[in-house]
Amino acid sequence: MSGVSAIGFGIRESHAQNATDAVTLDTLSVEGVGLGRNASGSQPGGAVGPVRGYVATQSRVGTKTDTPILETAQSISVVGRQQIEDQNAITINQALRYSPSVTTEQRGGSGASRLEQFFIRGFTAPLFLDGLALPGSRDASASIDPYRLERIDIIKGPASVLYGQSGPGGIVNLVSKVPQFVRHGEIFVQGGGFNEVRGGFDIGGPLPAEAGPLADQFAYRVIGLGWTGDGPAVTTRVERVLINPSVTWRPSTDTSLTIIGNYERDPFSGFYGGFPAVGTVFPRNFGNGFTGRLPVDFYDGDRNFERSDRTQASISYIFDHNVNEALHFHSAGRYLRTEGDYRSVYGAFNDTTGPFASGPLIDRSRIATRVGIDAYTLDNNLVGKFDTGIFAHTALVGVDYRSFETRTLSSAFPAAPSLNVLFPNYAMNIPTPPFTTDSRITSEQTGVYFQDQVKFDRLVLTLGGRYDWARNSGPTRSLATNVVTNQDVPSEAFTGRASLLYLFDNGFAPYVSYSEAFEPITAGRIFDANFGSIGRIPDPITSDQFEAGIKYQPPGTDILLTAAAFDIRRSNATNPDPVNRNFVVQTGAVGVQGMEFEARVNLAEGLNVIGGFSFIDARVVTDLTTTLNQVTNQQVALQGRVPVQIPDTTVSLFADYRFTSGPLLGLGIGGGVRYLGSSWGDPANTFKVPESVLVDAVLSYDLKNLDTTLNGFTLQVNAQNLLDERYVTGCFSYSNCYYGLPRTVYATLRYRW
């Protein structure tokens, strides 16, 4: 049965690509994985389904409809399952390394397994999972292991018109693996890195016929993973266990319901330390005749004090129904509970970590928090296809809702004993500071959105708009005085998008687009006599982007080339009011201009290639505030300066080649180069973090070519930062810089059936 389905689907796909092409054996073999769970985009090659090689042709992230990337007038990058595995990306940060205009591991550095933090086009960006927002919190963020994912879709530039409150850089949408109606399975074990061992399984398929008369309507999938070992810094540890079951009910080809459960435990997550610039970017005189830099596995904490203990659990659903050939309904929802117990000792922000620091002692501070988050998210939309005369429409209307209820117990930031880096003592029995505040904040958002993709011949016009109602509310209690401060900050915003694209017969698609985003402001008041002594709530921060680009997909090929130039402005940030004390004014603005290029290529001869380039010019456009120049000890204006941790240039290239014949049949070789340009290290722009060049490599072998009894077994060895480059990923002050990972080597044995 599955073989027949695969052949039928392969024929349809081949004709969809080019009606004049003959059906080839290669196309049929690619489709051997089966139909997928429904006809709404999650089949192989679909908008949320498995990616063929390194080249995705469809994505739902830019339009919430099953639209070809070539016809989407905004920059989109898709990282598929094969790329994740070939590069052995074990965190979301690592999976995004080869995406142009995306910079990762700028904070947390070699301890980045704890948090998914990254920049898109110079701005932090939120995470979504299956189109639903994930709550952000340093101490209880939901951590998504890439092994759970089918693909990662990135939309660059403001995206509030479909997703609500978000920044100007874009969003990253993680797409879960879901059940398939073909039996499949894999088991892997991996070792290396920092004395680490990882293992996992991914098993699923249709229910056996013995399950009853409705068995052919159900498919299941169970994913599990375990990870334990040392952290990247001395005395630290990593540990993770997760189980991710899912089931799909497909009563017909027009309807499917998928339920996904997840439980993950992370009792240890490396560390989150930052080190002084003098001692990492610059050499330091440590005394005792020793001048140099801190080792890349240096640890600024205390093993008896450090804690990052997280537990998360979630249940979600994805429902799709084709009402008829022209109308499709989609609904998704999730409840997620995550808890974090966090403690850290870190370098203090004082002269001992400033530009003239010397000696072996690093002053430190400490913090403790306990955070619990209950996150409810829901998205419903309806897609209709119809014609009005010579115009063909794909119209989208929808409503979504999110509620993030966060309870935070947090301490002050008292001093901790200094650390002598020449003779570090990592077991000082430092007392945990008492909690000083208890806050219970609920962040809600309800949005109504619409979009129309209008096609006239080969011209595609997309118009969209959205109205959001958001609110941050809840009490914060001082545990010392028992004084309660209540927050109630409503916010409303309209955001829009418009784009125009022309699709030439030869595969070129030039486009122009305009898009907007908004971010509520939850602190500060604007002086306004009409509101008395309390003032009024600030308007949301707004962002807009103008983008012009061109995409090229030669007909009949698995090649996708994209180039874009963009101009982003983020406005309405608050500054202290220079006239009315205790109030703010909304004068802050940051501008980013840049260009990027991305190439993704699958060749039938076994070669897959991805390459990218980005250039970003970021600047504080307007700002009334000043910052301390720690070199001159003078206050200087922020206006005109470049924000920290934004490299001006990134370049990357990765290729993987599998021998398909000859004596090397079954061997795969590959590697990549990543160039990270320099970035400013402090707000006053007094020093730069140097550029870095990193080399990665991969070697794999299909063991069935040694012995047919080993059919299904593969062995793979990955080396990241092969040349062991010592580099700093970024700094946000003289006190806090972050090392990148040193050379790490992992060997993976995988069995698939």
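Count residues from 1 along the sequence. Note that the structure is predicted; figures quoted are calculated from it, not measured.
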Could you check whether any side-chain heavy atom of Phe123 comes within less than 4.5 Å of a side-chain heavy atom of Ile568, counting everything from C-beta outward? yes
Run the salt bridge (charged side-chain N to carboxylate O under 4.0 Å, His left out) check on Arg364 and Asp302 step by step: do they pass? CA-CA 11 Å; Arg364 298 182 298 175; Asp302 187 283; 5.1 Å; no
So do the side chains of Val238 and Phe268 get within less than 4.5 Å of each other, counting heavy atoms only? no
Return yes if some donor-acceptor pair links the side-chain N/O of Gln720 with the main-chain N/O of Asn88 below 3.5 Å, else return no. yes
Is the Phe613-Phe597 ring centre distance short of 6.0 angstrom? no
Would Arg569 and Asp544 pass as an ion pair if we require N to O under 4.0 Å? no
Does any non-hydrogen side-chain atom of Glu306 lie less than 4.5 Å from one of Ser344? yes
Counting only N and O atoms by type, is there a donor-acceptor contact under 3.5 Å from the side chain of Asn575 to the main-chain atoms of Leu624? yes
Can any side-chain N or O of Arg240 pair as donor or acceptor with the backbone N or O of Asp266 at less than 3.5 Å? no
Apply ring-ring contact (aromatic ring centres under 6.0 Å, His included) to Phe298 and Phe275, showing your working. CA-CA 9 Å; Phe298 178 72; Phe275 314 131; 5.3 Å; yes
Verify, without hydrogens or angle tests, whether Arg284 (side chain) and Thr280 (backbone) share a donor-acceptor contact under 3.5 angstrom. no
How about Thr103 and Ile646: do any of their side-chain heavy atoms sit closer than 4.5 Å? no
Would you say the side-chain atoms of Glu105 and Asn93 include a donor-acceptor pair closer than 3.5 Å? no
Are Asp341 and Arg310 ion-paired here, with the side-chain N under 4.0 Å from a carboxylate O? no
Heavy-atom closest pair, residues Glu519 and Ser543: OE2-OG, 4.2 Å
Between Asp438 and Arg407, the two heavy atoms sitting closest are OD2-NH2, 3.0 Å
Less than 4.5 Å apart, side chain to side chain, heavy atoms only: is that true for Thr649 and Ser614? no
Ignoring hydrogens, what is the shortest heavy-atom contact between Asp300 and Gly347? Give both atom names and the distance. OD2-N, 3.7 Å
Smallest separation among heavy atoms of Thr338 and Ser141, with atom names: OG1-O, 4.1 Å
Is there a donor-acceptor pair closer than 3.5 Å between any side-chain N or O of Ser160 and the backbone N or O of Phe518? yes
Between the side chain of Asp682 and the main-chain N/O of Asn685, is any donor-acceptor distance below 3.5 Å? yes
Going by an N to O cut-off under 4.0 Å, is there a salt bridge joining Glu596 and Arg121? yes
Please confirm whether the backbone N or O of Gln87 pairs with a side-chain atom of Tyr98, one donor and one acceptor, at under 3.5 Å? no
If you measure from the Lys or Arg side-chain nitrogens to the Asp or Glu carboxylate oxygens, is any gap between Arg674 and Glu725 under 4.0 Å? no
A quick test of your reading: do over 12 heavy atoms of other residues, nucleotides or ligands sit less than 6.0 Å from CG of Asp351? no
I'd like to know if the side chain of Thr353 pairs up with that of Ser735 as donor and acceptor (distance under 3.5 Å, no hydrogens or angles considered). yes
Is Val61 close to Phe128 at the side-chain level, that is, under 4.5 Å between some pair of heavy atoms? no
Could you tell me whether the side chain of Thr542 reaches within less than 4.5 Å of the side chain of Glu516, counting heavy atoms only? no
Inspect the contact between Arg619 and Asp617 and indicate whether a charged nitrogen and a carboxylate oxygen are less than 4.0 angstrom apart. yes
Tell me if a side-chain donor or acceptor on Gln586 pairs with a main-chain N or O of Asp539 at a distance below 3.5 Å. yes
Centre-to-centre under 6.0 Å for Tyr299 and Tyr426, is that the case here? yes
Donor-acceptor pair, distance only, cut-off 3.5 Å: does the side chain of Ser308 make one with the backbone of Tyr342? no
Is it the case that the side chain of Asn580 and the backbone of Phe527 share a donor-acceptor pair, with hydrogens and angles ignored and the cut-off at 3.5 Å? no
Cationic tip of Arg343 within the cone over Phe305's six-membered ring, i.e. under 6.0 Å and within 45° of the normal? yes
Output the distance between atom OG1 (Thr522) and atom CD1 (Ile441), rounded to the nearest 0.5 Å. 8.5 Å
Can you tell me if Ser77 and Lys156 form a side-chain donor-acceptor pair at under 3.5 Å? yes
Angle between ring planes, Phe349 versus Phe732, binned at 30° and 60°: parallel, tilted or perpendicular? tilted
Stepwise side-chain hydrogen bond (donor to acceptor under 3.5 Å, both in side chains) test for Asp139 and Ser137: CA-CA 5 Å; Asp139 306 334; Ser137 166; 5.5 Å; no
If you define the side chain from C-beta out and look only at heavy atoms, does anything of Asn472 sit under 4.5 Å from Gln487? yes
Side-chain H-bond candidate by donor/acceptor type, Thr436 with Ser411, under 3.5 Å: no
Over all atoms of both residues, closest heavy-atom pair of Ala523 and Pro538: O-CG, 4.3 Å
Grab the two heavy atoms, one from Thr406 and one from Thr408, that are nearest each other, plus how far apart they are. CG2-OG1, 3.6 Å
Count the heavy atoms belonging to other residues, nucleotides or ligands that lie under 6.0 Å from CZ of Phe423, then report whether that count exceeds 12. no
The single option from Phe687, Trp680, Phe356 that satisfies ring pair (Phe, Tyr, Trp, His ring centres under 6.0 Å) with Tyr734 is Phe687
